[in-house]
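Source: prediction; values computed, not measured.
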Amino acid sequence: MTLATTTARLLVATLISTVGFASLASADRLVSIDGSLTEIIYALGADADLVGVDTTSTYPPAATELPDVGYMRALSAEGILSLAPDRVITTADAGPADALSQLQAAGIDINILDNTPTLAGLVSKIQATAAALDQREAGNELANRVAAEVEQAQRSIAEQLGPLNVMFVMDGGSRGFQVAGRNTLAGGVLDVAGFNNAFADIQGYKPLTPEAAINANPDVILVFHSQKSLDELAANPALSLTQAVQSGQLYSVDDLDLLTFGPRLGTALQALLNRMTDRT
C-alpha cells in the first residue's frame with residue numbers, strides 16, 4: 001500500500017467519524033460528488049439545495065444542467081470552492097485526499113459515505129444520504145423500494161438464466177481490455193445479479209490477454225465503455241475464441257447504468273436480463 005493510499009484512507013476515516021453523518025438542516029448550498037449520491041438526492045426530492053455535481057452525475061437530466069466540478073477521482077478544491085458550498089457529500093471513492101483536506105481546511109463540511117458494491121451497501125448508502133439530508137423517513141422508504149426491485153430482478157435472473165460464468169470487460173480503446181475482478185463496481189454487479197465472476201480470483205481491474213480469456217472461458221461477456229460494434233468486439237483476439245462469443249453471448253452494456261449502484265440498480269438488472277433473453 002502506498003503512502004498516498006494510506007493517507008487517503010486515514011483522511012476518509014477521519015472525515016466519516018467527525019462529520020460523516022451530520023444533518024444538512026442548516027446548510028443551504030450542497031455539492032454532490034458521485035453519480036449514485038446525486039441520483040439518491042433527486043429520488044428523495046432533496047435536490048433544491050444542489051449547486052454543483054461531478055462528471056459522473058448524469059442522471060436525472062436535470063443534474064447535467066448544474067455546474068460540473070470535475071471527475072470524482074481527480075477533484076480540484078478550487079473548482080468546488082468557487083461554488084461557495086456549505087457542504088460536500090461524496091463517497092469514499094472521491095479524491096485526491098489533498099483536495100478533500102483543502103475543503104475541510106476552508107471550513108466546508110464534508111460527508112464521505114461508504115460505497116460498498118452490494119445490495120446491503122446500496123441500502124446503507126441510501127439511508128446514510130437521507131440521514132445527512134435530514135430525510136430519514138423518505139430514505140427508509142426509498143431503500144425498501146430499491147431493495148424490493150433488486151430482489152425481484154435477482155429472482156427473475158435466477159429463474160431464467162441460472163448461475164452463469166460471466167466476464168465483465170472495460171474497453172480501454174488503444175489501451176486494450178481490462179477485466180473486472182473482485183472489489184470493483186463491475187464485480188459487485190455480477191455478485192448482486194447472482195452470476196459467477198469469471199475473474200473473481202483477481203483484485204481490481206487487470207489487462208485481459210487472449211490466454212486468460214480462453215482459460216476463463218466465460219458463458220457470457222459484458223462489455224462496457226466501448227465504441228466498437230459487437231461484430232468488431234467478437235473478432236478481437238482477446239474474446240473471439242471464448243464460448244461466450246462463439247455462442248453469441250456477447251453484450252454491450254453501456255446504456256444500462258449497471259455501474260452507478262444507485263436507486264435504479266433493480267431496473268438496470270432487469271434491463272440486462274431482458275437483453276440476455278432477447279426481450280425489449
Any side-chain heavy atom of [X] sitting closer than 4.5 Å to one from [Y]?
{"X": "Gln178", "Y": "Pro207", "result": "yes"}
{"X": "Val51", "Y": "Val31", "result": "yes"}
{"X": "Gln102", "Y": "Leu81", "result": "no"}
{"X": "Thr118", "Y": "Asp191", "result": "no"}
{"X": "Leu190", "Y": "Leu222", "result": "yes"}
{"X": "Thr129", "Y": "Leu133", "result": "yes"}

Given the rule that I, L, V, M, F, W and Y join up when any side-chain heavy atoms are under 4.5 Å apart, are [X] and [Y] in one cluster?
{"X": "Met276", "Y": "Val150", "result": "yes"}
{"X": "Val220", "Y": "Leu185", "result": "yes"}
{"X": "Leu75", "Y": "Leu83", "result": "yes"}
{"X": "Val253", "Y": "Leu161", "result": "yes"}
{"X": "Val123", "Y": "Ile41", "result": "yes"}

Other ILVMFWY residues reachable from Ile214 by side-chain steps of under 4.5 Å: Leu241

Co-members of Ile221 in a cluster of I, L, V, M, F, W and Y side chains, linked at under 4.5 Å: Met167, Val169, Phe177, Val179, Phe199, Ile202, Leu208, Val223, Leu230, Leu233, Leu239, Val245, Leu250

Can you sort out the partners of [X] under side chain to side chain contact (heavy atoms under 4.5 Å, CB included), two or more places apart, ordered by chain and number?
{"X": "Ala193", "value": "Ile157, Phe195, Leu269"}
{"X": "Glu232", "value": "Lys228, Ser229"}
{"X": "Gln203", "value": "Arg182, Asn183"}
{"X": "Ser82", "value": "none"}

Of all residues at least two apart in sequence or in a different chain, which pass the side chain to side chain donor-acceptor pair (under 3.5 Å) check with [X]?
{"X": "Gln135", "value": "none"}
{"X": "Ser226", "value": "Asp171"}
{"X": "Asn215", "value": "none"}
{"X": "Asp93", "value": "Asn115"}

Could you pull out the closest heavy-atom pair between [X] and [Y], with the gap in Å?
{"X": "Ala143", "Y": "Gln127", "result": "CB-CG, 4.1 Å"}
{"X": "Asp34", "Y": "Ser36", "result": "OD1-OG, 2.6 Å"}
{"X": "Ala180", "Y": "Tyr205", "result": "CB-CE2, 3.4 Å"}
{"X": "Ala213", "Y": "Thr242", "result": "O-CG2, 3.7 Å"}
{"X": "Leu256", "Y": "Leu272", "result": "CD1-CA, 3.8 Å"}
{"X": "Leu259", "Y": "Ala186", "result": "CD2-CA, 3.6 Å"}

Any pair counted as salt bridge (charged side-chain N to carboxylate O under 4.0 Å, His left out), so long as it reaches residues 196-224, sequence neighbours left out: none

Inter- and intrachain pairs under salt bridge (charged side-chain N to carboxylate O under 4.0 Å, His left out), touching residues 255-270, at least two apart: Glu39-Arg264, Asp255-Arg275, Asp257-Arg264

If I take atom [atom1] from residue [X] and atom [atom2] from residue [Y], how far apart are they, to the nearest 0.5 angstrom?
{"X": "Arg155", "Y": "Leu273", "atom1": "CZ", "atom2": "CG", "answer": "13.0 Å"}
{"X": "His225", "Y": "Ser252", "atom1": "NE2", "atom2": "OG", "answer": "11.0 Å"}
{"X": "Tyr42", "Y": "Leu37", "atom1": "OH", "atom2": "CG", "answer": "13.5 Å"}
{"X": "Leu44", "Y": "Asp134", "atom1": "CG", "atom2": "CG", "answer": "11.5 Å"}
{"X": "Thr90", "Y": "Leu113", "atom1": "OG1", "atom2": "CG", "answer": "8.0 Å"}
{"X": "Ile89", "Y": "Thr38", "atom1": "CD1", "atom2": "OG1", "answer": "9.0 Å"}

Residue pair Ile112, Leu100: steps toward the side-chain contact (heavy atoms from CB on, under 4.5 Å) verdict: CA-CA 10 Å; Ile112 300 182; Leu100 300 179; 3.9 Å; yes

Distance-only side-chain donor-acceptor flag, Asp98 / Ser101, under 3.5 Å: no

Chi angles and distances behind the side-chain contact (heavy atoms from CB on, under 4.5 Å) call for Leu258, Phe224: CA-CA 9 Å; Leu258 286 167; Phe224 185 77; over 6 Å; no

Ser124 side chain to Ala120 backbone, donor-acceptor under 3.5 Å: no

Salt-bridge criterion met for Glu149 and Arg145 (N-O under 4.0 Å): yes

Residue pair Asp114, Thr116: steps toward the side-chain hydrogen bond (donor to acceptor under 3.5 Å, both in side chains) verdict: CA-CA 6 Å; Asp114 184 58; Thr116 302; 2.5 Å; yes

Worked check of side-chain hydrogen bond (donor to acceptor under 3.5 Å, both in side chains) between Ser76 and Glu78: CA-CA 5 Å; Ser76 163; Glu78 290 78 8; 3.0 Å; yes

